[in-house]
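Hydrogens, waters and symmetry mates play no part in the numbers below; they use all other heavy atoms, side chains included. Just so you know, residue 1 is the first one in the sequence shown, and it goes up from there. Note that the structure is predicted; figures quoted are calculated from it, not measured.
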Amino acid sequence: MIERFEDARILMYSHDTFGLGHLRRCRTIAHSLVEDYRGLNILIISGATIAGAFDYRARVDFVKIPSVIKLRNGEYTSLDRHIDLHDTLEMRTSIIRHTAETFKPDIFIVDKEPLGLKGEVEDTLAYLKTRGTRLVLGLREVMDAPHLLDAEWKAKGVMEKIDRLYDRIWVYGPPDFYDPLVGLDVPDTIRSKMDFVGFLQRRASRDKDSDRQPRGDYILVTTGGGGDGADLVHDVIHAYQQDPTLTCKALVVLGPYMPAKQRRKLKRKGGKIPYLEIIEFDNRMEDLIAGAKGVVAMGGYNTYCEILSFDKPALIVPRVKPREEQLIRARRAAELGLIDMLLPEEAAEPLRMADALKALPGRAPPSAEAGGLRLEGLPHISEIVGKWMTAAEPGRLSVVKS
């Protein structure tokens, strides 16, 4: 027996300017929901340049908006340097609004940026509110250091607009891991809207014959999108160069957003080490993590969920600027005994990094700390969506024979 909606629609927004995290999170939620409910259609609005490189299940599709990239100084620019940023943002805003008007969603889920990039979603939120759409803000369990997030939101009046526009706030983590709004002056009205749904569990694909998955034991080194991951890969290569006793096989995934010059340099250096295999990108990262004996990563949200989902020993070397999200997550996870952590300056010491890499496959997995494996996010979201749909229109959700 399966559950079925009668023409239910969910629209999701993923601004994606520097990595793949937002799109991958939206895609994970969308795939889980269409698996639980027939008759549900989900459309993801994404600014990711490689949104089309991923597979999407039936009844999940995406609308690509013009890409904007985030520079290291925190400023934005159009991916196409011939188009002014202001014009690009106007196009994005128009496409988002038109998509919402045409698709007519029952639920609109905005990932991480409450008003969208440079406020591009605010007009659409206001419009959808007038037609009774459920408006949901989805937040990572860690946003940023409180003083940085507080300054950013105060400058834009974000807290007041969240209170006015959104019906619920989903926090993609358990309440005892971290509070994304800790240290901020949060009104009781906003606190009452917050649901800590839990981490989002990942699964390996049904295809067990990935061409990219190495044979035998290996550790996986991943930089996520790769835009700022060159230092981590360099540190791994340097460790292999300096310690001849480091002989465990490693698969290094550079990430699609790593600058071409850095990719070529790292592949040339790593190609001289027989224990390293370096690839640029794989759209089935879950399979690679599932097959690994351990994971070396910067510790973005999605990678952390995958480490927990597949119960892998992990060494995290977090990004520490301009945002402190990865640093906060890694420190908290290390404090709970779930992962090992090296700061970037520590990972840059080749023999220290080599020792950490050699110890990684024998490290206890996260499940050794029972409190760390709480991955209820997807079933909780599914339950919430089912209740909303039936409350809005009794009889819309039905049980049919599979």
Side-chain angles (χ1 to χ4, degrees), residues 5 8-16 21-34 36-37 40-46 60 62-63 96-97 99-101 103-117 119-143 153 158-175 179-181 186-187 189-200 301-302 305 376-393 396-397:
F5 286 129
R9 300 183 180 191
I10 295 177
L11 183 64
M12 307 181 81
Y13 164 84
S14 159
H15 74 288
D16 285 296
H22 309 286
L23 174 61
R24 292 189 67 214
R25 185 162 49 243
C26 288
R27 179 174 167 269
T28 295
I29 294 169
H31 284 183
S32 176
L33 285 170
V34 297
D36 288 348
Y37 298 112
L40 174 62
N41 292 281
I42 300 180
L43 192 58
I44 302 172
I45 299 172
S46 175
V60 177
F62 72 95
V63 171
I96 292 166
R97 171 67 184 258
T99 300
E101 290 176 348
F103 189 61
K104 300 180 177 62
D106 299 283
I107 300 171
F108 183 34
I109 303 171
V110 174
D111 188 83
K112 193 254 178 188
E113 292 291 338
L115 307 178
L117 177 66
E120 66 185 0
V121 176
E122 186 174 353
D123 175 65
T124 298
L125 286 166
Y127 161 72
L128 289 175
K129 195 166 187 68
T130 65
R131 65 176 303 274
T133 302
R134 291 264 190 176
L135 305 178
V136 179
L137 174 61
L139 299 180
R140 295 183 308 239
E141 89 294 18
V142 181
M143 290 287 285
W153 280 16
V158 170
M159 198 72 78
E160 295 80 5
K161 292 176 181 179
I162 290 175
D163 201 5
R164 175 168 52 85
L165 292 169
Y166 284 98
D167 298 300
R168 303 301 300 176
I169 301 167
W170 292 346
V171 179
Y172 301 131
D179 178 351
L181 303 185
V186 183
T189 48
I190 288 183
R191 281 287 175 201
S192 66
K193 296 179 182 181
M194 294 177 69
D195 300 312
F196 285 78
V197 298
F199 290 119
L200 306 177
Y301 179 84
N302 290 286
C305 285
E376 318 100 329
L378 295 176
H380 280 176
I381 289 171
S382 181
E383 181 182 1
I384 292 168
V385 168
K387 287 179 178 178
W388 283 354
M389 291 297 187
T390 53
E393 191 175 332
R396 191 177 198 181
L397 180 63

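When atom types are taken as modelled, the side chain of Tyr13 and the backbone of Phe108 share no donor-acceptor pair closer than 3.5 angstrom. Here the side chain of Arg131 pairs a donor or acceptor atom with the backbone of Pro105 at under 3.5 angstrom. Side-chain N or O atoms of Tyr166 include none that pairs as donor or acceptor with a backbone N or O of Lys193 at under 3.5 Å. Proximity of a side-chain donor or acceptor of Thr28 to a complementary backbone N or O of Arg24 within less than 3.5 Å is detected. Between the side chain of Asn41 and the backbone N or O of Arg9 there is no donor-acceptor pair closer than 3.5 Å.
In this structure, the separation between CD on Glu122 and CD1 on Ile96 is 12.5 Å, given to the nearest 0.5 Å. Going from atom CE of Met159 over to atom OG1 of Thr189 covers 9.5 Å, rounded to the nearest 0.5 Å. The CH2 atom of Trp170 sits 14.0 Å away from atom CE of Met194, with the distance rounded to the nearest 0.5 Å.
Using a 4.5 Å cut-off on side-chain heavy atoms (C-beta onward), Trp153 and Leu181 make contact. With contacts defined as side-chain heavy-atom distances shorter than 4.5 Å, the pair Asn302/Arg25 qualifies. Between Val121 and His15, the closest side-chain pair of non-hydrogen atoms is not below 4.5 Å.
Stacking of Arg97 on the aromatic ring of Tyr127 is recorded, both the 6.0 Å distance cut-off and the 45° axial limit being met.
When every heavy atom of Leu139 is checked against every heavy atom of Pro180, the shortest pair comes out as CD1-CG, 4.4 Å.
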